[in-house]
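Computation of the quantities below employed the complete heavy-atom set of this structure, encompassing side-chain atoms and omitting hydrogens, waters and symmetry-equivalent molecules. Letters A, B, ... mirror the listed sequences (proteins, then strands); counts begin at 1.
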Protein chains: 2
Amino acid sequence: MTNAQVPSSEAADERILVAAGKLFREKGFAATTVREIAQAASMLPGSLHYRYASKDDVLVALMERGVRRAIAAVTKGIAATRDPVERLKLGLRAHLELLCQGDDSLYVLLYDFRSLPEGAREGVERSRGRYEAFWDGMLYEAWGTGRSRSALDLDLVRQFGMGAINWVATWYRPGSGRTPAQIADAFWTYLAFGLMGEASRPADVESQFQELLTKSGEE
Amino acid sequence: MTNAQVPSSEAADERILVAAGKLFREKGFAATTVREIAQAASMLPGSLHYRYASKDDVLVALMERGVRRAIAAVTKGIAATRDPVERLKLGLRAHLELLCQGDDSLYVLLYDFRSLPEGAREGVERSRGRYEAFWDGMLYEAWGTGRSRSALDLDLVRQFGMGAINWVATWYRPGSGRTPAQIADAFWTYLAFGLMGEASRPADVESQFQELLTKSGEE
DNA sequence: AGTATTGTTGGCCGAATGACCAACGCTCAA
DNA sequence: TTGAGCGTTGGTCATTCGGCCAACAATACT
């Protein structure tokens, strides 16, 4: 605007993604207008078209960014310790903080997946798979310490934990009780130690988990 | 039901909701056309308009039905036992089976909440609140047995469990490994007993939960 | 049989959408 | 100073949307 040089280039791309993220999160992809995005990004529809050939392209770019940001945030979060189990806790916290307080790209990635055009789905899916593989790696390392139960389907465990955490975005409102970090820590404790009291644990808990592991192919 | 009289009336309403549910689930509310719904329900757009004045009305009706069906399914599911703790397990199973195999109204209720028009939001929110209160009641009864940990924020526990369960709908595909019932049971076991091994539980687990309970007001 | 009620038809309408572009200004290297 | 591009402008375009309705059909009631 007022500054010189290339006033936007990258900054304009950024403004578009930020504006689109906010709108997609609030109203969903299909309900958001290209004109709305442009206006929120302080530009005209034509300018937006110059940078992204289509509305779909904006969505894809935003989602790809969501993956990158999530990996970056979690990577940074877990760097504080070398203990694989503790890393899971920190990773959960970083993920939830990004989802609730960070930018909207992760939210859109998670909650507007249905809006992806057929053609772009595969690419985004692969990116998303990278993030999941990233968590699987952390889970595997934690499992390798021997401190967790031995009979665990780590894939299912990941879906379990990510589900609980991701769902927070549907009900969390800033400034109402707990912070995302507190919620993540509470969920971590639930995950790790369970909700049943120590006294009322049956003796064969471990074998129950073993059963869960084998009972997976039958219909 | 099967009698003559008004051949459609109720049956046509039903067809509309079923068709709309399927489409909303696949593509989302905003991306679905009134004409598509009508065609899928084997009627013309005008006929649809005769029964639901607006597209929004279809969404609201579908969501209200989602609440009713969920309460009905869980109520039926938990009737098999009187043990409050066991009831939670059966309730989870019923909820997930409805979400994954039943009709689409529960899915739409959960995943298309953003599409609700401003005016109808409050009403649906109240209905949804009824379902949540229903679960809170079950949780409270289970807590009352003394078999669970005593220091639990039941509201947070509900969000935790429902989140993990609801998220399954985003990745579950029929005929791929586990059935919804198996997934629900696995998640139940995770919830109840935790993922850390019995051997590696610190002695002060209970006090950790106690801390979680008090650490909720600070910002 | 005649009348009222209920439900359906198929097309119409204004509004809004995504995509697009020719003209234009600005910045900077030469 | 100049010219070549990058980036922006503001509007156009065909299409599609949700909502609507007057005429019609079918059924139920009297």
### Task
Determine the minimum heavy-atom distance between A/N166 and A/Y111, stating which atoms define it.
O-OH, 2.7 Å
### Task
Would you kindly give the CD-to-P distance between A/Q39 and C/dA16, to the nearest whole Å?
14 Å
### Message
Using 30° and 60° as the class boundaries, would you call the ring planes of B/Y131 and B/H95 parallel, tilted or perpendicular?
### Response
parallel
### Message
At 4.0 Å (heavy atoms only), tell me whether B/T32 reaches a base, stays on the sugar-phosphate, or touches nothing.
### Response
sugar-phosphate
### Task
Hey, which sits more toward the 5' end of DNA chain C by its nearest nucleotide, A/P45 or A/E36?
A/E36
## Note on the structure
When rounded to whole Å, the NZ to P distance for the pair A/K55 and C/dA19 reads 8 Å
### Message
Just N and O in the side chain of A/H49: are any of them under 4.0 Å from OP1 or OP2 of C/dC20?
### Response
yes
### Task
Please report, rounded to the nearest Å, how far the P atom of C/dC24 is from the CG atom of A/L44.
17 Å
### Message
Is B/R51 close enough to C/dT8 that one of its side-chain N or O atoms is under 4.0 Å from OP1 or OP2 there?
### Response
yes
### Query
Rounding to a whole Å, what distance do you find between A/Y52:OH and D/dT8:P?
12 Å
### Task
Find the distance A/L48:CG to D/dG10:P and express it as a whole number of Å.
15 Å
### Task
For B/R35 and D/dT15, give me the distance from atom CZ to atom P, rounded to whole Å.
15 Å
### Task
Give a yes/no answer on whether the side chain of B/S54 brings an N or O atom under 4.0 Å of OP1 or OP2 in D/dG18.
no
### Query
So which heavy atom on A/A120 is nearest to which on A/L116, and how close?
CB-CD2, 4.4 Å
### Task
State whether A/F113 and A/R128 meet the cation-pi test: NZ (Lys) or CZ (Arg) under 6.0 Å from the six-membered ring centroid, and within 45° of the perpendicular axis.
yes
### Query
Does OP1 or OP2 of C/dG7 have a side-chain N or O of B/Y50 closer than 4.0 Å?
yes
### Query
D/dG7 phosphate, OP1 or OP2: any side-chain N/O from A/S47 under 4.0 angstrom?
no
